[in-house]
Amino acid sequence: MQSLKYVPKLMRAIVFRNYGAPQEVMELVDDREIPKPNKNQVLVKIECASINAADRYIVRANYFIIRMVFGLFRPSKKKRILGMDIAGTIQLIGKNVKGYQVGDAIVADIRKSFGGGFAEYAIVNAKHLVKKPETVSFEQAATVPISGQAAMMGITLCSINPGDKVLINGASGGVGSFGVQIAKAQGAYVTAICSTKKVNAVRGWGADEIVDYKKKDSIKALKGNEFDAVFDTASFECPGRYKQILKKDGKYVLVGGDFYNMLKLKLFGRFDRGSQKFMALTQEVEVTKNIKTVLEMIADKKINPAIQKVISLKDVPNAIHSLEQRTVVGKIVVNLNKDQPIYKKNQC
Ligand SMILES: NC(=O)c1ccc[n+]([C@@H]2O[C@H](COP(=O)([O-])OP(=O)(O)OC[C@H]3O[C@@H](n4cnc5c(N)ncnc54)[C@H](OP(=O)(O)O)[C@@H]3O)[C@@H](O)[C@H]2O)c1
């Protein structure tokens with residue numbers, strides 16, 4: 001085991017011991033044991049993490065499938081720290097891990113280990129590591145593993161050619177903010193759907209046209225259009241409704257929204273019509289490759305993560321609540337170095 005420097009035994013973390021409202025069930029602790037990596041893992045000192053829709057769904061556990069994974073009545077002891085994506089530096093490295101050195105700045109999607117990002121340290125399996133380009137900040141990098149990656153995967157499935165007309169629903173969210181920018185970078189003409197208060201932000205990310213779904217039924221308003229692709233991160237409509245505004249050989253890609261729409265599409269793909277293709281995104285496809293591609297696009301200044309605000313660890317429950325309230329535009333980043341308690345400064 002290679003180690004850079006002294007690693008403390010205990011860390012600060014946001015822990016949830018029960019399911020419910022984030023501000024009621026999540027608390028900041030400073031005595032959480034720092035996990036130890038096995039021979040295939042590394043220990044990462046987290047610089048930044050980001051808030052994702054997954055955090056809000058898991059803390060409430062309104063879907064039975066979440067309780068099957070995280071614990072039936074309360075989250076099981078090993079799954080009590082949320083936070084699904086991290087950017088930080090490697091502190092300890094298992095003896096089988098190749099291609100990485102202690103001190104390397106990395107980015108990782110840690111969904112497979114059930115989170116752990118709302119803490120000062122996390123264990124990451126080596127196969128989930130991606131090196132952070134130097135010119136991408138930790139704050140920018142932390143937005144990429146879930147939202148940026150899902151947007152890249154979905155836009156890739158849309159197979160965009162320059163000039164294609166692409167419709168993005170849920171354009172103001174974490175995934176949507178990347179989706180709009182990636183589609184634009186690929187030369188698409190982007191029509192975005194979002195709510196009234198977020199129109200200016202979405203326009204700022206490059207959307208060519210915007211439909212405010214609070215003011216009109218967006219699919220009705222778009223009748224007469226023929227989109228090459230629909231990228232849907234807020235599938236609260238029946239996906240079949242999009243048939244009328246999709247080209248004959250158009251593609252509909254569902255990323256999120258209503259859980260049952262996603263399940264239906266995944267299990268039955270029942271909306272396909274002729275050569276129109278309806279797909280639901282799975283998590284398994286080329287995750288690290290997509291993360292790398294998005295990081296490179298940021299480094300090349302082709303896109304810029306839409307960070308609404310940067311918060312400290314203690315503000316995570318409020319931030320998850322604001323995601324529930326739909327007051328977030330783009331992403332909220334948690335910076336572990338913000339508002340560090342004084343004892344931390346004296347410790348090293
Ligand atoms: N498959 C994957 O790998 C993967 C990865 C990441 C995310 N996801 C899923 O993708 C979805 C979006 O994630 P996110 O991180 O972008 O979430 P987010 O930041 O909370 O954004 C959600 C978006 O949905 C819109 N929205 C919410 N409720 C709506 C409604 N009833 N009607 C119309 N629009 C509505 C919001 O728009 P307004 O605020 O403007 O109303 C917002 O833009 C989530 O379901 C998430 O679980 C899947």
Side-chain angles (χ1 to χ4, degrees), residues 22 50-60 62-63 65-66 82-85 109-112 115 142-157 167-182 192-203 205 207 210-219 221 230-239 241-242 253-263 265-266 279-288 290-291 294 305-309 319-333:
S50 88
I51 309 281
N52 285 291
D55 301 313
R56 63 176 269 217
Y57 293 131
I58 296 166
V59 74
R60 292 270 181 189
N62 287 335
Y63 295 111
I65 192 163
I66 289 174
L82 294 176
M84 301 294 155
D85 44 17
D109 166 354
I110 53 173
R111 276 178 292 186
K112 288 242 164 85
T143 63
V144 174
I146 307 292
S147 302
Q149 174 266 132
M152 180 49 81
M153 198 183 339
I155 294 291
T156 304
L157 287 176
L167 177 66
I168 300 187
N169 186 31
S172 59
V175 180
S177 63
F178 276 103
V180 170
Q181 295 187 63
I182 294 171
I193 302 176
C194 67
S195 57
T196 318
K197 288 185 180 156
K198 301 181 180 177
V199 165
N200 286 341
V202 176
R203 188 170 289 121
W205 303 333
I210 297 183
V211 178
D212 177 349
Y213 76 85
K214 292 273 184 194
K215 293 192 176 151
K216 48 195 158 194
D217 178 315
S218 29
I219 296 176
V230 174
F231 178 67
D232 195 353
T233 80
S235 172
F236 298 99
E237 296 282 349
C238 173
R241 278 197 77 204
Y242 288 94
V253 178
L254 191 160
V255 181
D258 182 73
F259 175 73
Y260 297 102
N261 273 341
M262 188 132 186
L263 199 65
L265 207 51
K266 257 188 166 170
M279 296 165 270
L281 203 68
T282 65
Q283 294 183 4
E284 311 298 331
V285 191
E286 299 183 320
V287 170
T288 53
N290 285 318
I291 294 173
V294 176
I307 299 175
Q308 184 188 34
K309 60 180 168 179
I320 295 178
H321 180 63
S322 61
L323 208 60
E324 292 182 325
Q325 298 290 302
R326 310 230 310 257
T327 54
V328 180
V329 188
K331 295 287 294 176
I332 294 184
V333 168

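When a ligand or atom number is given, it counts from 1 through the structure's own listing order.
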Aromatic plane relationship, Y63 with F259 - under 30° parallel, 30 to 60° tilted, over 60° perpendicular: tilted

Partner residues of F236 under the ring pair (Phe, Tyr, Trp, His ring centres under 6.0 Å) criterion, sequence neighbours left out: none

Ligand 1 versus V328: contacting region, heavy-atom distance under 4.0 Å: neither

Atom indices of ligand 1, in the order listed, that fall short of 4.0 Å to a heavy atom of G170: 43 (O)

Pairwise side-chain contact, N52 with K331, heavy-atom cut-off 4.5 Å (strictly under): yes

Within reach of ligand 1, part of M84 (heavy-atom separation under 4.0 Å): neither

Subset of ligand 1 atoms that lie under 4.0 Å from at least one heavy atom of R111: 3 (O)

Side-chain heavy atoms of D85 within contact of V144, under 4.5 Å: no

Per-atom contacts of ligand 1 with A150, taking only distances under 4.0 Å to non-hydrogen atoms: 5 (C), 6 (C)

Check: L281 and F231 side chains under 4.5 Å, non-hydrogen atoms: no

Subset of ligand 1 atoms that lie under 4.0 Å from at least one heavy atom of I146: 5 (C), 6 (C)

Polar proximity ligand 1 side, M153 side, N/O cut 3.5 Å exclusive: no

Shortest heavy-atom approach to atom 9 (C) of ligand 1 - which of V255, V175, I193: V255

For Y57, the ligand 1 atoms whose distance to one of its heavy atoms is below 4.0 Å: 45 (O), 47 (O)

Residue A234 vicinity, atoms of ligand 1 by number, heavy atom under 4.0 Å: 24 (O), 25 (C), 26 (N), 34 (N), 35 (C)

Set of side-chain contact (heavy atoms from CB on, under 4.5 Å) partners for L323, sequence neighbours left out: I51, R56, V328

N or O pair under 3.5 Å between R56 and ligand 1: no

Close approach of L323 to ligand 1, heavy atoms, under 4.0 angstrom: yes

Side chain to side chain, E324 and P22, heavy atoms closer than 4.5 Å: yes

Test item: S172 side-chain N/O and V329 main-chain N/O as donor-acceptor pair under 3.5 Å: no

Donor-acceptor under 3.5 Å (S195 side chain, K214 main chain): no

The one among C194, A54, S177, G174 that brings a heavy atom closest to atom 18 (P) of ligand 1: G174

Test side-chain contact (heavy atoms from CB on, under 4.5 Å) applied to L167 and V230, D232, V211, I219, the passing residue: V230

Region of S195 that comes within reach of ligand 1 [heavy atoms, distance under 4.0 Å]: both

Element-labelled atoms of ligand 1 that are located less than 4.0 Å from some non-hydrogen atom of K198: 38 (P), 39 (O), 40 (O)

Pick from G148, S172, G154: the one approaching atom 37 (O) of ligand 1 most closely through a non-hydrogen atom: S172

